[in-house]
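One structure is given below, encoded as structure tokens.
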Amino acid sequence: MIRWGVLSTAKIGVKQAIPALWAAPDCKVTTIASRDLNKAMDVAKQFEIPIAADSYDAVLQSSDVDAVYIPLPSSHHVEWTQKAAVAGKHVLCEKPIALEAAEITRLIEERDAQNVMVSEAMMAVYHPQWRKVRDLIEDGAIGALRHVTASFAYHNTDPNNIRNKLETGGGALPDIGCYPIATTRFATGADATRVVAQIQRDRSFGTDINVAALIDFGDFDLLMQVATQLAWRQSSTFHGENGYIQVAAPFNAMPKSADVVRLFRDAREAPEEFRFDGINQYRMQFEAFSQAVRTNDGSTILSLEESRQNQSIIDSIYASARTGSWQDII
């Protein structure tokens with residue numbers, strides 16, 4: 001049994017992570033912390049968490065905590081991931097684990113020095129639909145892969161929301177740019193070489209609200225768009241020489257519908273469908289991480305090295321948008 005502490009009462013923790021932790025058979029939430037003790041006590045009561053603390057340091061110092069989950073604002077992720085590792089805790093930190101690739105290098109060094117598991121909470125790659133996509137591509141179901149299109153958009157203009165604040169790491173790329181990049185790299189096993197991009201920013205917030213990028217992977221390219229002020233949408237399609245693969249709900253599970261991967265061997269015929277009913281990718285993420293902790297084997301979780309490569313692509317997208325030209329991956 002892995003005993004978890006949660007840093008903050010953030011919405012994603014309360015709505016997704018804590019219920020998933022309780023559903024995982026090898027996980028137990030022992031501590032919840034907030035700088036507002038009343039909030040911590042409310043969440044503790046809601047989920048029957050034994051300990052409510054008024055500081056994050058209290059969680060890191062607790063002998064009742066083996067691993068911590070960090071859903072703090074993005075600007076605080078590196079700081080508290082590093083503090084948790086130094087305290088000897090295993091760490092699963094919400095994406096983006098850092099706002100620059102160089103910061104992840106620091107976390108890799110701390111992970112190795114403290115001999116703990118540290119991973120970015122990219123729940124989508126734990127969904128079995130992405131292993132199916134990977135297997136189909138590897139088996140040649142669509143022939144040679146040549147092009148990937150992916151988009152993720154939602155509409156949020158609340159000036160008080162942390163996703164719309166530069167100082168807390170807001171913006172489309174920090175919040176959701178990682179999804180098309182991480183899932184494409186997971187499904188293909190490929191590394192990008194260069195990128196060209198265009199970014200539109202909100203005049204009031206200063207955050208990037210619409211990002212279009214063409215990412216060169218050598219044998220294929222990824223055309224991706226992420227936006228925070230467009231109608232909600234998500235899509236991902238892998239185009240091969242002989243067919244294509246569509247992922248119906250590539251990043252977040254669709255309410256009241258199954259997650260489906262559709263294989264079109266011939267566009268003139270009905271696709272083959274691979275359905276994944278009742279999958280909780282948050283629970284699968286916590287189960288995989290807990291197993292990695294128990295076995296001291298991080299091969300089945302998203303490594304910091306993979307996260308650093310994903311973030312390098314995002315760093316390069318920003319660089320390309322500034323220059324208006326192709327940018328080699330930093």
Report whether V261 and I279 are members of the same hydrophobic cluster (ILVMFWY, side-chain heavy atoms less than 4.5 Å apart, transitive linking). yes

Verify, without hydrogens or angle tests, whether E120 (side chain) and L92 (backbone) share a donor-acceptor contact under 3.5 angstrom. no

Close side-chain approach of Y282 to P19, heavy-atom, < 4.5 Å: no

Any chance you could lay out the side-chain hydrogen bond (donor to acceptor under 3.5 Å, both in side chains) test for S151 and S235, step after step, and finish with the verdict? CA-CA 5 Å; S151 64; S235 66; 2.8 Å; yes

Using atom types as modelled and distance alone, determine if a side-chain donor or acceptor of W4 lies under 3.5 Å from a backbone N or O of I32. no

If you group Ile, Leu, Val, Met, Phe, Trp and Tyr by side-chain heavy-atom gaps below 4.5 Å, do I162 and I12 land in one group? no

Looking at every non-hydrogen atom in both residues, tell me the closest pair between R111 and V116 and how far apart they are. CG-O, 3.0 Å

Closest approach of S62 and K89, non-hydrogen atoms and distance? O-NZ, 2.6 Å

Are M117 and V78 connected into the same hydrophobic cluster when the rule is that any two of I, L, V, M, F, W, Y join if their side-chain heavy atoms are below 4.5 Å apart? no

D158 atom CG: more than 12 heavy-atom contacts under 6.0 Å: yes

To the nearest 0.5 Å, tell me how far C93 SG sits from I70 CD1. 4.5 Å

Just by modelled atom types, is the L302 backbone N or O under 3.5 Å from a matching donor or acceptor in the S119 side chain? yes

What side-chain hydrogen bond (donor to acceptor under 3.5 Å, both in side chains) pairs are there with at least one residue in residues 22-51, not counting sequence neighbours? D26-R294

For the pair E103 (side chain) and L99 (backbone), establish whether a donor and an acceptor sit closer than 3.5 Å, ignoring hydrogens and angles. yes

Apply side-chain hydrogen bond (donor to acceptor under 3.5 Å, both in side chains) to R201 and T207, showing your working. CA-CA 5 Å; R201 293 185 178 273; T207 54; over 6 Å; no

Would H127 and D259 count as a side chain to side chain contact (heavy atoms under 4.5 Å, CB included) if you check the C-alpha gap in whole Å, the side-chain angles of each, and the deciding distance to 0.1 Å? CA-CA 10 Å; H127 196 301; D259 303 328; 2.6 Å; yes

Give the intermediate values and the outcome of side chain to side chain contact (heavy atoms under 4.5 Å, CB included) for residues L145 and H239. CA-CA 6 Å; L145 179 65; H239 303 251; 5.5 Å; no

Could you tell me if the ring centre of F286 sits under 6.0 Å from that of Y69? yes

Residue pairs, two or more places apart or on separate chains, that pass side-chain hydrogen bond (donor to acceptor under 3.5 Å, both in side chains) and touch residues 170-199: K95-D175, Y154-D175, R163-D175, R185-D191, R185-E306, R185-N310, R194-D216

Say whether, by atom type as modelled, one donor and one acceptor occur between the side chain of Q234 and the main chain of F251 under 3.5 angstrom. yes

Just so I know, are the side chains of F289 and H90 near enough to count as touching, which here means a heavy-atom distance under 4.5 Å? yes

Joint cluster assignment, I329 & V148, ILVMFWY side-chain distance < 4.5 Å: yes

Closest heavy-atom pair, V125 versus A182, reported as atoms and distance to 0.1 Å, is CG1-O, 4.2 Å

With a 4.5 Å limit on heavy-atom distance, are the side chains of F238 and H147 in contact? no

Side-chain contact, heavy-atom cut-off 4.5 Å: S8 with Y56? yes

Within residues 315-326 or reaching into it, pairs that qualify as side-chain hydrogen bond (donor to acceptor under 3.5 Å, both in side chains) - sequence neighbours excluded: D208-Y318, Q311-D315, T323-S325

Taking all non-hydrogen atoms of both residues into account, name the closest pair between Y244 and I142 and its distance. N-CG2, 3.5 Å

Say whether N164 and N156, considering side chains only, have a donor N or O and an acceptor N or O under 3.5 Å apart. yes

I want to check a possible cation-pi pair here: R134 against F186, using under 6.0 Å from ring centre and within 45° of the ring axis as the test. yes

Would you say the side chain of V226 lies within less than 4.5 Å of the side chain of L173, judging by non-hydrogen atoms? yes

Applying side chain to side chain contact (heavy atoms under 4.5 Å, CB included), run through R308 and L107 and close with a yes or a no. CA-CA 10 Å; R308 179 172 57 186; L107 296 180; over 6 Å; no

Which heavy atom in A101 sits nearest to a heavy atom in S312, and how many Å separate them? CB-OG, 3.4 Å

Honestly curious: do Y126 and V91 fall in one hydrophobic cluster under the side-chain, below-4.5 Å linking rule? no

I would like to know whether K83 and E110 meet salt bridge (charged side-chain N to carboxylate O under 4.0 Å, His left out); could you show each step before the answer? CA-CA 9 Å; K83 286 182 177 180; E110 201 65 67; over 6 Å; no

Donor-acceptor contact present, side-chain R283 to main-chain A17, <3.5 Å: no

Audit row: R262, I245, side chain to side chain contact (heavy atoms under 4.5 Å, CB included) steps and yes/no: CA-CA 6 Å; R262 295 184 175 92; I245 300 166; over 6 Å; no

Is the centre of the F217 ring less than 6.0 Å from the centre of the F220 ring? yes

Heavy-atom distance under 4.5 Å between the side chains of F152 and T228, does that happen here? no

Using a 6.0 Å cut-off, check whether atom CE of M284 has over 12 heavy atoms from anything other than its own residue. yes

Within-4.5 Å side-chain heavy-atom neighbours: S236 and Q246: no

Heavy-atom closest pair, residues A197 and I317: CB-CG2, 3.6 Å

I'd like to know if the side chain of N210 pairs up with that of Q225 as donor and acceptor (distance under 3.5 Å, no hydrogens or angles considered). yes

Side chain proximity check, V68 to V6, heavy atoms < 4.5 angstrom: no

From CA spacing to verdict: salt bridge (charged side-chain N to carboxylate O under 4.0 Å, His left out), R275, E273: CA-CA 6 Å; R275 301 177 67 85; E273 289 193 349; 3.8 Å; yes

